[in-house]
Chemist: 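Here's a structure for you.
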Amino acid sequence: MSNDRVRVRGLSIFRPIIYGNTATALTEKERQTLSHADHTHRWTVAVRSAASAPNSDIVGGADDISHFIKRVTFKLHDTYANPSRNVDKPPFEISETGWGEFEIQIRITFVPESGEKAMTLYHHLKLHPWAAAGEPEIPPLEVAIKHGPVHSWQYDEVVFNDPFQNFLNILTAHPPTPLPKMKRRPVPFHLAHPASLEASRGGVPEFTQLMEKEEQERLEEARKAVIAETDKWRNTLIEKEKEYERLKNLVANQL
């Protein structure tokens with residue numbers, strides 16, 4: 001066996017990616033040019049590198065990720081013609097128009113050198129802006145147009161464990177662009193970031209190391225809350241069991 005096809009045991013190497021979509025409400029004039037008159041939005045779903053290029057209005061995509069991704073397959077709603085779309089070269093994205101939100105299956109096939117199985121992700125297509133308190137969940141189109149593009153992106157890390165030596169060489173020859181430490185743009189819309197709602201409208205989001213740290217802190221707080229709640233109910237159960245034993249003994253002594 002060639003040394004290039006020997007796995008480097010005990011080593012893990014990761015590559016940050018984002019997946020998600022951006023959507024823009026169509027004007028009345030734009031809708032009149034479509035073959036589907038009921039379509040209200042133009043959207044793009046994509047898999048990209050996590051870092052954004054400087055002064056770009058595209059979320060992520062600073063790096064070419066085709067050295068480890070061979071194909072991305074997007075499975076759209078069955079009402080679309082040819083709902084399973086293969087993209088074999090960057091940019092790994094497709095654009096469409098539509099009127100409804102639905103779940104998109106995203107299957108990532110890695111290059112043969114990786115020896116890795118394909119991975120599957122799921123993304124809920126987001127067309128409508130996150131609503132603030134008192135606002136309708138689906139705003140009128142003129143309001144949506146005023147708010148600007150809607151962004152819905154998820155950060156993830158593809159981890160390669162015990163990589164083949166030749167694939168490790170490929171990865172190390174293409175290091176990812178580091179995420180900026182602090183935000184230079186509004187952060188993405190996300191349910192975990194309600195405070196960012198107003199700041200994000202009309203802006204282009206960007207993932208940062210600070211967001212990563214904040215998310216880790218939120219997860220740690222949630223973990224502690226779950227442990228505290230579990231302990232609370234465990235203690236309640238213990239007290240109830242003690243009460244049950246007391247009542248059982250009381251009944252037994254009266255017989």
Chemist: side-chain contact (heavy atoms from CB on, under 4.5 Å) between Lys29 and Thr33: does it pass, once the steps are laid out?
Modeler: CA-CA 7 Å; Lys29 183 178 180 180; Thr33 65; 5.5 Å; no
Chemist: Pick out which of Gln154, Glu103, Lys75 makes a side-chain contact (heavy atoms from CB on, under 4.5 Å) with Tyr122.
Modeler: Glu103
Chemist: I'd like to know if Lys240 and Glu243 make a salt bridge, using a cut-off of under 4.0 Å between side-chain N and carboxylate O.
Modeler: no
Chemist: Check the pair Lys70, Glu113 against salt bridge (charged side-chain N to carboxylate O under 4.0 Å, His left out), reporting the backbone distance first and the verdict last.
Modeler: CA-CA 10 Å; Lys70 175 180 174 57; Glu113 294 88 343; over 6 Å; no
Chemist: For residues Asn169 and Gln165, is any side-chain donor paired with an opposing acceptor at under 3.5 Å?
Modeler: yes
Chemist: Can you tell me how far CZ of Arg15 sits from CD of Glu157, rounded to the nearest 0.5 angstrom?
Modeler: 10.5 Å
Chemist: How many angstroms lie between CD1 in Ile104 and OH in Tyr80, if you round to the nearest 0.5 Å?
Modeler: 8.0 Å
Chemist: Do Val59 and Thr22 touch side chain to side chain, with heavy atoms closer than 4.5 Å?
Modeler: no
Chemist: Answer whether the closest heavy-atom distance between the side chains of Phe110 and Ile108 falls below 4.5 Å.
Modeler: yes
Chemist: Can you check whether Lys89 reaches Ser66 side chain to side chain, under 4.5 Å on heavy atoms?
Modeler: no
Chemist: Measuring from Glu28:CD to Gln32:CD, what's the distance to the nearest 0.5 Å?
Modeler: 5.0 Å
Chemist: I'd like to know if the side chain of Ser152 reaches the main chain of Asn21, judged simply by a donor and an acceptor atom lying under 3.5 Å from each other, with no hydrogens or angles considered.
Modeler: no
Chemist: Does the side-chain contact (heavy atoms from CB on, under 4.5 Å) test come out yes or no for Arg42 and Leu34, once each step is laid out?
Modeler: CA-CA 11 Å; Arg42 176 172 286 108; Leu34 301 177; 4.2 Å; yes
Chemist: What pair of heavy atoms forms the shortest contact from Arg48 to Ala46, and how long is it?
Modeler: NE-CB, 3.6 Å
Chemist: How about Asn86 and Val72: do any of their side-chain heavy atoms sit closer than 4.5 Å?
Modeler: no
Chemist: Got a second to check how far Thr73's OG1 is from Gln105's CD, nearest 0.5 Å?
Modeler: 8.5 Å
Chemist: Answer with yes or no whether the hydrophobic clustering places Phe102 together with Ile106; edges join I, L, V, M, F, W, Y residues whose side-chain heavy atoms lie under 4.5 Å apart.
Modeler: yes
Chemist: With sequence neighbours excluded, what pairs up with Glu239 under the salt bridge (Lys or Arg N to Asp or Glu O under 4.0 Å) test?
Modeler: none
Chemist: Charged N to carboxylate O under 4.0 angstrom, Lys224 versus Glu221?
Modeler: no
Chemist: If I take atom CG from residue Leu125 and atom CD from residue Glu101, how far apart are they, to the nearest 0.5 angstrom?
Modeler: 6.5 Å
Chemist: Ignoring hydrogens and geometry, is there a side-chain-to-backbone donor-acceptor pair from His41 to Trp43 under 3.5 Å?
Modeler: no
Chemist: Is it true that Leu171 and Met119 fall in one hydrophobic cluster, defined by side-chain heavy atoms closer than 4.5 Å?
Modeler: yes
Chemist: Roughly how far, to the nearest 0.5 Å, is the OG atom of Ser49 from the NE2 atom of His174?
Modeler: 12.5 Å
Chemist: Are Ile13 and Leu168 close enough that some pair of their side-chain heavy atoms sits under 4.5 Å apart?
Modeler: yes
Chemist: Is any side-chain heavy atom of Asn161 less than 4.5 Å from a side-chain heavy atom of Phe14?
Modeler: no
Chemist: Tell me if a side-chain donor or acceptor on Glu30 pairs with a main-chain N or O of Thr27 at a distance below 3.5 Å.
Modeler: yes
Chemist: Any cation-pi pair here, Arg5 with Phe164, using under 6.0 Å and within 45°?
Modeler: yes
Chemist: Quick check: closest heavy atoms across Val87 and Glu93, and the distance to 0.1 Å?
Modeler: CG2-O, 3.8 Å
Chemist: Is there a side-chain contact (heavy atoms from CB on, under 4.5 Å) between Thr40 and Arg31? Walk through the geometry before answering.
Modeler: CA-CA 7 Å; Thr40 58; Arg31 293 174 65 185; 4.0 Å; yes
Chemist: Centre-to-centre under 6.0 Å for Phe160 and Phe167, is that the case here?
Modeler: yes
Chemist: Any non-hydrogen side-chain atom of Ile69 less than 4.5 Å from a side-chain atom of Phe92?
Modeler: yes
Chemist: Shortest non-hydrogen contact from Glu96 to Leu76?
Modeler: CG-CD1, 4.3 Å
Chemist: Begin with the C-alpha distance, continue with both residues' side-chain angles, and end with the deciding distance and a verdict on side-chain contact (heavy atoms from CB on, under 4.5 Å) for Glu116 and Phe68.
Modeler: CA-CA 10 Å; Glu116 297 286 337; Phe68 67 94; over 6 Å; no
Chemist: Ignoring hydrogens and geometry, is there a side-chain-to-backbone donor-acceptor pair from Asp63 to Pro176 under 3.5 Å?
Modeler: no
Chemist: Heavy atoms only: give me the nearest Ile58-Ser52 pair and the separation to one decimal.
Modeler: O-OG, 3.8 Å
Chemist: Applying a strict under-4.5 Å side-chain criterion to I, L, V, M, F, W and Y, I'd like to know whether Val159 and Leu11 cluster together.
Modeler: no
Chemist: Has His39 got a side-chain atom pairing as donor or acceptor with Thr97's backbone, closer than 3.5 angstrom?
Modeler: yes
Chemist: Closest heavy-atom contact between Ala50 and Ile18?
Modeler: CA-CG2, 3.8 Å
Chemist: Please examine the side chains of Asp156 and Leu121, heavy atoms only from C-beta on, and report whether any two atoms are closer than 4.5 Å.
Modeler: yes
Chemist: In this structure, would Leu26 and Ile94 fall into the same cluster of hydrophobic residues linked by side-chain contacts under 4.5 Å?
Modeler: no
Chemist: Looking at every heavy atom in both Gly115 and Arg7, which two are closest together, and how far apart are they?
Modeler: O-NH2, 3.8 Å
